[in-house]
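Naming convention: chains lettered A, B, ... in sequence-line order (proteins, then strands); numbering from 1 in each chain.
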Amino acid sequence: MLDKNGIAKRIAQEIQDGSYVNLGIGIPTLVANYIPTGFNVVLQSENGLLGMGPFPLEGEEDPDLINAGKQTITTLPGSAVFDSAMSFGMIRAQKVDLTILGAMEVSENGDIANWKIPGKMVKGMGGAMDLVASAKNIIVAMQHVNKAGESKLLTQCSLPLTGVRCVKKIVTELAVLSVLPEGGFKLEERAPGVSVEEIKQATAGKLIIEGEIPEMKI
Amino acid sequence: MLDKNGIAKRIAQEIQDGSYVNLGIGIPTLVANYIPTGFNVVLQSENGLLGMGPFPLEGEEDPDLINAGKQTITTLPGSAVFDSAMSFGMIRAQKVDLTILGAMEVSENGDIANWKIPGKMVKGMGGAMDLVASAKNIIVAMQHVNKAGESKLLTQCSLPLTGVRCVKKIVTELAVLSVLPEGGFKLEERAPGVSVEEIKQATAGKLIIEGEIPEMKI
Amino acid sequence: MIDKTVKNAEAAVADVQDGMTIMFGGFGLCGIPENCINALVKKGVKNLTCISNNAGVDDFGIGLMLHQRQVKKMISSYVGENAEFERQLLSGELEVELIPQGTLATRCLAAGYGMPAIFTPAGVGTEVAEGKEIRNFNGKDYLMEMAFDADFAIVKAWKGDTAGNLVFRSTSRNFNPIMAMAGKITIAEVEELVEPGVLNPDHIHTPGIYVHRIFQGERYEKRIEQRTVRTQ
Amino acid sequence: MIDKTVKNAEAAVADVQDGMTIMFGGFGLCGIPENCINALVKKGVKNLTCISNNAGVDDFGIGLMLHQRQVKKMISSYVGENAEFERQLLSGELEVELIPQGTLATRCLAAGYGMPAIFTPAGVGTEVAEGKEIRNFNGKDYLMEMAFDADFAIVKAWKGDTAGNLVFRSTSRNFNPIMAMAGKITIAEVEELVEPGVLNPDHIHTPGIYVHRIFQGERYEKRIEQRTVRTQ
């Protein structure tokens with residue numbers, strides 16, 4: 001079973017050299033730590049920055065320089081700043097190659113719910129609806145089951161949707177799964193020490209298992 | 001009767017202090033020479049400049065700095081440069097207070113034709129259709145009659161239109177006329193030495209003459 | 001050039017009326033018009049509709065106006081980090097319209113560029129699409145979203161000149177330039193107000209034609225919401 | 001950063017094919033991609049559809065491609081100052097679509113911002129409106145105009161870095177940044193190519209994500225179309 005950093009590590013393997021990537025808040029943010037050395041990957045922060053650098057050193061924080069999670073960050077040589085309309089313009093025009101974000105639920109046809117729980121205080125969707133509606137490739141980083149032990153990989157989402165038919169791949173503490181165009185979660189890899197049976201147990205939506213399922217290499 | 005500079009001079013009286021103005025090619029360009037000293041008027045050039053300055057001195061021409069007529073120009077302290085989308089964005093959003101342009105024909109309901117003569121080589125409308133469709137206030141600078149002696153102030157335009165119901169005022173070598181919301185050219189002023197009768201003769205569209213028509217002061 | 005300077009924040013917001021719609025630049029607490037917000041709090045105008053990506057925190061930014069119950073409705077993409085906000089929302093005192101961040105940004109752009117509506121795929125198939133026109137282009141569905149119509153836009157820039165030209169610094173740019181274009185009346189507060197000619201025309205983010213009032217703000221706090229550092 | 005550099009204009013346009021649609025930045029002869037136009041003339045690709053505000057002059061700019069009969073169709077707002085152009089147009093060899101300049105610009109913006117269509121009042125009530133959807137918003141009619149779909153966008157910037165970030169100089173900016181955003185593949189030629197970090201992130205007009213290939217051009221002629229001077 002993977003911890004949060006393990007999930008981030010596995011997702012980092014999906015990132016291609018020479019690509020532009022938008023990382024959501026939470027586990028996706030950790031992915032930045034595991035991008036292979038030597039890879040030229042440019043991180044887009046939807047509040048208006050391409051080329052997000054690491055957090056600043058103590059004392060070097062700049063209140064005018066934050067990421068979409070409102071954290072203090074730095075720029076890199078070659079960074080560019082732009083306004084919010086251009087930021088979402090480039091997202092909408094599919095110039096960003098990969099979006100990695102968290103989810104509360106994903107359905108077997110690729111729908112995603114990650115912004116609202118009826119009856120609870122709703123903070124808002126931020127840029128998530130724009131990102132999922134436009135990204136060429138979307139990977140979801142999440143726990144396989146919620147705190148109540150219920151599967152988050154469902155036939156249909158029960159929560160209000162963020163986007164429809166958009167998720168391409170899911171990485172959880174148990175497995176890597178791809179969402180098939182015709183519907184269904186195709187089991188691609190097991191987390192170290194996790195059995196196919198455990199993944200079956202934790203997946204409520206249609207799970208497709210073909211042949212031997214390899215263990216992840218992380 | 002006015003010459004071209006006279007028309008430009010009379011139009012310059014219409015310009016308000018503190019306004020943003022777009023000047024078309026031809027007579028409108030001359031208007032810049034007659035803006036009252038002390039007036040703060042900012043000229044917009046639709047190729048992407050606010051704060052167009054005078055032509056450069058010999059030897060100071062900059063090929064990267066031209067106006068919409070492709071003439072070399074200068075900037076002024078406080079000028080701003082922008083791309084063509086923003087330029088027409090500010091025109092469309094009616095941030096430009098006044099547009100002054102030439103015309104081949106104007107109709108009594110404010111339609112304007114100034115870009116195409118069927119059967120002749122058509123060079124294009126440039127930014128004219130955008131300007132007339134959006135400007136808050138449009139003044140036309142033109143000759144009252146064409147080279148064949150035919151009136152250019154018509155009941156209906158015979159040439160392909162540039163825009164509909166948009167012209168507010170016309171200044172010709174003979175007169176100043178406003179276009180009434182309900183239709184009709186209302187004669188406001190006569191050019192020096194020009195009689196109402198001469199203006200009547202030269203106007204094919206509905207001409208409205210109320211009371212004594214004063215002579216222009218220029 | 002046309003001189004757009006006003007004396008201070010109080011003068012800039014003097015004619016803001018109860019019930020108006022106001023855009024506020026900024027993302028989180030980054031690049032917010034601190035001086036004007038404080039002046040609006042002091043002025044006490046009420047029943048405002050605020051268009052702002054976020055709603056500040058309890059004791060800073062738009063949170064200060066919420067605290068005074070000056071806000072009738074928030075139009076935002078994300079409104080966390082604010083307990084008073086939550087209380088007013090749950091009690092029904094405050095109305096909130098949550099819209100996708102890119103839709104928020106593009107509805108500003110549309111207003112500034114004189115486009116009555118734009119098309120975006122954000123929100124298709126979700127509750128955001130309810131009651132909106134859906135249109136298919138090249139096999140993909142888009143929502144038609146309308147340009148904003150705000151009485152005032154209030155933005156914060158790094159530098160500005162008396163002609164209203166604005167330059168923003170780093171990611172404090174965010175919504176500021178597009179809101180500056182979108183207001184019927186646009187107020188800009190700047191950290192440094194300079195004479196025309198000081199700013200390079202090629203570096204200006206917001207041309208002065210979009211700005212109606214400008215002043216040099218004072219005592220910028222520039223609070224950091226999530227101070228995050230690395231150790232070496 | 002991702003290195004976008006290619007060796008020269010020939011390498012940049014190597015895969016441009018007959019029949020493609022290409023955008024060219026520039027207004028008149030100001031800010032045109034001289035090196036790439038020359039390379040396309042040398043390459044001899046044919047049946048091109050060119051989206052460009054103007055069509056150059058007889059012996060410079062796109063006029064060089066017209067002279068070689070490489071252009072099937074021009075999409076422009078103004079095409080004067082070109083005798084060969086006129087001859088080909090009148091003889092039916094060349095197809096021309098004239099569209100309002102603001103519509104041209106905004107259809108570029110739409111492509112770069114992923115908006116399938118935009119609304120503009122330009123051309124309502126004229127022959128430009130023929131066959132187009134007209135829609136009324138708040139009592140005013142607008143035409144729905146579609147985003148451009150270009151195989152290549154070829155632009156000229158003043159400075160650029162190897163990550164593809166571009167900075168334009170004065171009014172040679174014009175259509176360049178919006179076309180840079182709009183191409184499926186965008187080629188930028190620059191007067192000066194620098195390393196990442198040299199350009200101030202706040203001064204970049206076109207972020208590198210929009211640029212696929214960049215090179216430092218040579219022997220810029222920068223011809224002036226209407227040299228106009230004042231005497232004192």
Subject >> Part of C:Val128 within contact of chain A (heavy atom distance under 4.5 Å) >> reply: side chain
**OP:** Keeping the roles fixed (side chain from A:Asp130, backbone from C:Gln101), state whether a donor-acceptor pair exists under 3.5 Å.
**Re:** yes
Original post:
Where on C:Asn54 is there a heavy atom nearer than 4.5 Å to chain A: the side chain, the backbone, both, or neither?
Top reply: side chain
**OP:** Among C:Leu29, C:Val79, C:Asn176, single out the residue with the greatest number of heavy-atom pairs under 4.5 Å to chain A.
**Re:** C:Val79
**OP:** Over all heavy atoms of both residues, which pair between A:Ala133 and C:Pro121 is shortest? Give the atoms and the distance, please.
**Re:** CB-O, 3.4 Å
**OP:** Counting only heavy atoms closer than 4.5 Å, note whether A:Glu46 contacts chain C via side chain, backbone, both or neither.
**Re:** both
Original post:
How far does CD of C:Glu127 sit from CE of A:Met125, to the nearest 0.5 angstrom?
Top reply: 7.0 Å
Original post:
What part of C:Arg169 is in contact with chain A, defined as an atom under 4.5 angstrom from a non-hydrogen atom: side chain, backbone, both or neither?
Top reply: both
Subject >> Spacing of CD1 belonging to A:Ile66 relative to OG belonging to C:Ser172, to within rounding of 0.5 Å >> reply: 9.0 Å
Original post:
So which of A:Val81, A:Val164, A:Leu161, A:Asp64 has the largest heavy-atom pair count under 4.5 angstrom toward chain C?
Top reply: A:Asp64
Original post:
How many angstroms lie between atom CG of A:Asp83 and atom CE of C:Met181, to the nearest 0.5 angstrom?
Top reply: 7.0 Å
Subject >> Gap separating the OG atom of A:Ser45 from the CZ atom of C:Phe27, nearest 0.5 angstrom >> reply: 7.0 Å
**OP:** Starting at CD of A:Gln71, measure out to CD of C:Glu225 and round the result to the nearest 0.5 Å.
**Re:** 11.0 Å
**OP:** Would you kindly say whether A:Thr74 and C:Arg230 are connected by a side-chain donor-acceptor distance under 3.5 Å?
**Re:** no
**OP:** Over all heavy atoms of both residues, which pair between A:Pro56 and C:Thr228 is shortest? Give the atoms and the distance, please.
**Re:** CD-O, 3.2 Å
Subject >> Most contacts with chain C, counted as non-hydrogen pairs under 4.5 angstrom, among A:Pro63, A:Gly124, A:Gly126, A:Ala85 >> reply: A:Gly126
Original post:
Under a 4.5 Å cut-off applied to non-hydrogen side-chain atoms, are C:Phe85 and A:Met121 in contact?
Top reply: yes
**OP:** Determine whether C:Thr120 and A:Phe88 make a side-chain contact, defined as any pair of heavy atoms from C-beta on separated by less than 4.5 Å.
**Re:** no
